[in-house]
Amino acid sequence: MVTIKDVAKHAGVALSTASYALSGSDKVSPKTRELVLQAAKELNYQKNGFAMDLKRKSTKTILLILSDLSGPYYSELIRGTQEVTLSNGFDLIACSSVGGADSTAYKFLQERRVDGAIVLDPNISEHLLRESAREGCPIVVMDRYVEGDFIMNVAADNVQGGYEATRYLMEKGHRDIAWIGGPSNSLGSQHRKEGYLKALQEEGIANTKWMLVGNFTEEGGYHSTKVLLMQEERPTAIFYGNDEMAIGGYKALCEFGLSVPGDVSIVGFDDIQVAEYLSPPLTTVRQPKYEMGTMAAHLVFQAMGGEYVNKSYKLKIELIERLSCQPPRLAPNRGKGMET
């Protein structure tokens with residue numbers, strides 16, 4: 001089936017330009033409109049009546065885009081978003097960007113099938129966000145900053161969180177502190193690492209050889225921790241950029257015959273529900289996930305109603321002390337090889 005993307009490509013114009021031309025908008029010149037209409041005719045393009053109806057009136061729907069629908073981090077955030085959405089008489093659609101430009105998330109944004117969107121997904125480009133945000137369809141971006149009309153930004157104070165977690169370990173006496181972070185395109189992970197480095201630098205600690213990427217997954221945390229432990233020297237503490245990676249770290253340490261916190265102290269980030277049920281319970285940095293969801297949803301509705309809202313909001317974090325950290329042992333800190 002011929003899509004509007006095909007029409008835009010055939011006419012040699014941007015997708016948004018083709019959309020404006022086909023909907024009769026005065027944002028394009030008569031010459032450009034004629035060019036697009038001719039391309040549509042040549043391709044036998046048929047307008048999607050459902051989509052056109054949605055563009056002309058409220059859909060009573062808010063879109064929530066997440067990078068991964070399966071992660072435990074998202075449950076509280078979704079709950080907060082959903083409560084506000086439903087209380088305003090709107091539906092909430094949650095989806096991911098898996099599939100790229102062909103994903104449901106992209107289609108909803110490009111075809112403007114919703115009245116507002118909340119985006120916690122670094123894979124959605126700034127260009128698409130700016131192109132999609134408009135009066136009547138504001139967008140809240142989470143855990144990064146995007147400048148644009150009808151775009152607002154909500155994030156936890158990730159730099160402070162990274163700093164406080166690292167300071168906590170140093171106050172326990174640790175100096176050999178490793179960092180295992182999320183994917184390189186995650187601004188939240190970058191900011192946590194920034195806080196980690198800031199704390200080390202304040203103490204004159206320049207040893208940053210233990211910095212790896214775990215991609216925010218249990219498997220990533222597991223494999224990155226194994227890499228650390230197979231080195232001749234190992235850290236006495238590990239700061240993970242999220243709790244899921246820390247869970248993977250627990251498994252790797254156990255396989256190496258090491259205990260938490262007896263041999264290695266661990267701090268996570270997020271405070272997902274399972275964190276307090278690990279053995280030992282995980283010390284972590286709590287993000288106000290539910291509050292972030294409710295704030296993002298409230299901002300969407302305020303902007304839809306024409307109320308003035310700030311462009312950027314930063315929420316406080318909290319260090320949750322449990323039993324996964326203790327002072328380092330005084331014995332020489334040598335890694336233990338593992339046969340494979």
Side-chain angles (χ1 to χ4, degrees), residues 1-65 90-91 93 95-142 144-153 185 299-309 311-312:
M1 184 179 71
V2 177
T3 68
I4 191 173
K5 290 173 63 176
D6 299 319
V7 174
K9 183 177 180 180
H10 191 69
V13 299
L15 179 63
S16 58
T17 301
S19 177
Y20 288 139
L22 292 170
S23 63
S25 171
D26 58 4
K27 292 185 177 182
V28 296
S29 67
K31 182 179 179 180
T32 300
R33 182 180 298 108
E34 182 59 33
L35 179 66
V36 173
L37 292 175
Q38 181 61 35
K41 182 179 180 180
E42 291 174 3
L43 295 176
N44 195 28
Y45 170 73
Q46 300 295 320
K47 292 182 181 179
N48 184 328
F50 173 68
M52 296 303 292
D53 286 344
L54 291 179
K55 292 174 185 177
R56 284 193 289 265
K57 61 184 180 182
S58 172
T59 67
K60 305 291 285 185
T61 303
I62 302 300
L63 176 66
L64 175 62
I65 303 177
F90 277 62
D91 292 321
I93 295 177
C95 59
S96 76
S97 64
V98 174
D102 294 324
S103 68
T104 301
Y106 274 72
K107 290 177 180 177
F108 270 103
L109 285 176
Q110 291 173 334
E111 297 177 13
R112 303 182 176 186
R113 298 189 183 188
V114 294
D115 294 325
I118 299 168
V119 180
L120 178 53
D121 186 341
N123 298 310
I124 302 296
S125 70
E126 293 188 10
H127 173 75
L128 178 57
L129 292 170
R130 294 191 183 99
E131 186 179 67
S132 303
R134 66 192 187 283
E135 185 177 5
C137 185
I139 294 178
V140 174
V141 181
M142 306 184 79
R144 59 175 166 152
Y145 185 82
V146 178
E147 180 66 44
D149 294 334
F150 306 108
I151 295 178
M152 297 149 287
N153 302 268
N185 65 347
L299 288 173
V300 167
F301 285 108
Q302 288 175 358
M304 285 169 54
E307 297 181 39
Y308 172 79
V309 292
K311 286 286 188 180
S312 182

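Just so you know, these numbers come straight off a predicted model, no measurement behind them.
With sequence neighbours excluded, the residues satisfying side-chain contact (heavy atoms from CB on, under 4.5 Å) with Ala11 are Val13, Leu35, Val36, Ala39. Residues meeting the side chain to side chain donor-acceptor pair (under 3.5 Å) test with Glu34, sequence neighbours left out: none. Looking at residues two or more places apart in sequence or on another chain, you find a side chain to side chain donor-acceptor pair (under 3.5 Å) between Thr32 and Ser29. Residues satisfying the ring-ring contact (aromatic ring centres under 6.0 Å, His included) criterion with Phe301, sequence neighbours excluded, are Phe90. Applying the side chain to side chain donor-acceptor pair (under 3.5 Å) test to Asn123 and every residue at least two apart in sequence or in another chain returns Asp121, Asn185. Remark: Glu147 pairs with Tyr145 by the side chain to side chain donor-acceptor pair (under 3.5 Å) rule, at least two apart or across chains.
In this structure, Arg144 and Leu129 approach most closely via the heavy-atom pair NH2-CD1, 3.5 Å.
To the nearest 0.5 Å, the span separating CD on Glu111 from NZ on Lys5 amounts to 9.5 Å. Taking CG of Leu120 as the start and CD1 of Ile118 as the end, the distance is 10.0 Å to the nearest 0.5 Å. How far CG of Leu64 is from CZ of Phe108: 12.5 Å, rounded to the nearest 0.5 Å. Here NE2 of His10 is found 4.5 Å from CG of Leu43. Values are rounded to the nearest 0.5 Å. The SG atom of Cys137 sits 7.5 Å away from the CG atom of Leu109 when rounded to the nearest 0.5 Å.
Val119 is listed as a side-chain neighbour of Ile139, based on a closest heavy-atom distance under 4.5 Å. When side chains are defined from C-beta on, Lys311 does not count as touching Val146, because their heavy atoms never get closer than 4.5 Å. Looking only at side-chain heavy atoms (C-beta outward), Ile93 and Ile62 stay at 4.5 Å or farther from each other. Between Met152 and Ser312, every side-chain heavy-atom pair lies at or beyond the 4.5 Å cut-off.
Enclosure of atom NZ in Lys9 is not indicated, since only 12 or fewer non-hydrogen atoms of other residues, nucleotides or ligands lie within 6.0 angstrom.
Between Leu63 and the choices Thr104, Asp115, Val114, the side chain to side chain contact (heavy atoms under 4.5 Å, CB included) rule is met once, by Val114.
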